[in-house]
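First comes the structure, then the notes that go with it.
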Amino acid sequence: MNYRFLKSDSSRKGIVILTISSPATLNALNTTILGEIDSFIDNIDLSSARVLIITGEGKSFVAGADIAQMSKMTENEGYEFSRYGSKVFRKIEELDIPVIAAINGFALGGGCELALACDIRIASEKASLGQPEVNLGVIPGFSGTYRLTKIVGQSFAKELIFTGKRIFADDALKIGLVNAVVPADVLMDEAVKMAESILTSAPIAVKYAKKCINDNYVLSTTDAISLENNYFSKCFATEDQKEGMTAFLEKKKADFKNK
Ligand code: CO8
């Protein structure tokens, strides 16, 4: 499919790279771009794609939701926009394959929230992150109050959200907001390297592990453990479990078939 504001690259086996491309407004998310991301996610061919990498074109990952569009919204329109953005980001979070955010620059407001919906965040040393919504008279609206708190804990989430301050990649690393900080010129290489290391794992096992980790946020300890027990047992119904364990015992490299 062709998109006006998205570019994609599937030239590396198993890896899809999605670049959000509206550099004149630092890739700010309006309804059209969100709609394109929504459609893109729906159309990923999960029979071949095993990892999705999301990045932004130019000096920004995503500089937030589109302030020009939001400035004219009514209360109801604000609600619908918040709901739609949250729905699209939830889709990313729930995608059956791991999603890596390669944060090349500004990841602010809705941009930080997009990164938070990804499974792993790798930041360029030029990246900066923050939730500056309170400086605009609003709060994070694409599920940032929820996910930022889950990822960095209440103290740092409240500090970032109440002050609206922008932090640089090294400080984001210190609070666990990003997994790694790398030089700008190797950001995509590092994201691809991370993707390739996921590609060596059994795909169904990775999918089940992602489900367990995502869902344990909303479950009681007992239910989260029980969910893990169930998905663990489901792995034994896969060919890849037999392949992985046999290969180990025979001192060979496993050849996973995603079955
Ligand atoms: N929305 C719309 N346009 C933007 C945005 C944005 N979020 N960010 C940048 N732009 C535009 C600028 O207006 C400018 O346009 P123009 O050239 O026409 O003047 C262009 O992009 C380039 O920006 P700057 O000249 O400002 O570039 P700088 O390098 O000087 O500064 C910054 C970069 C620091 C990123 C600066 O642009 C900035 O502060 N941007 C706004 C960041 C921000 O506040 N983001 C949060 C927005 S709120 C949000 O995301 C809420 C999410 C939840 C929504 C809930 C729905 C109800």
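Computed from a predicted structure; not experimentally measured. Note that ligands are numbered from 1 as they come in the structure, with each ligand's atoms numbered from 1 the same way.
A distance of 6.0 Å or more separates the ring centres of Tyr208 and Phe232.
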Need the list: ligand 1 N/O atoms against protein N/O atoms, distance under 3.5 Å, rounded to one decimal.
| residue | atom | partner | partner atom | Å |
| --- | --- | --- | --- | --- |
| ligand 1 | 1 (N) | Ala65 | O | 3.4 |
| ligand 1 | 1 (N) | Ile67 | N | 2.9 |
| ligand 1 | 7 (N) | Ala63 | O | 3.0 |
| ligand 1 | 7 (N) | Ala65 | O | 2.9 |
| ligand 1 | 21 (O) | Ala24 | O | 3.4 |
| ligand 1 | 29 (O) | Lys59 | NZ | 2.6 |
| ligand 1 | 45 (N) | Ala63 | O | 2.9 |
| ligand 1 | 50 (O) | Ala65 | N | 2.7 |
| ligand 1 | 50 (O) | Gly110 | N | 2.8 |

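Pairing each heavy atom of Thr55 with each of Met188, the nearest pair is CG2-CE, 3.7 Å. Summarising the geometry of Tyr84 relative to Thr31, their closest heavy-atom pair is CE2-O, 4.3 Å, with the distance given to 0.1 Å.
Residues Lys211 and Glu94 have side chains not in contact (no heavy-atom distance under 4.5 Å, counting atoms from C-beta outward).
Salt-bridge formation is not detected for the pair Asp240/Lys257: no Lys NZ or Arg NE/NH1/NH2 atom is positioned less than 4.0 Å from an Asp or Glu carboxylate oxygen.
In this model, a donor atom of one side chain and an acceptor atom of the other lie less than 3.5 Å apart for Ser11 and Asp9.
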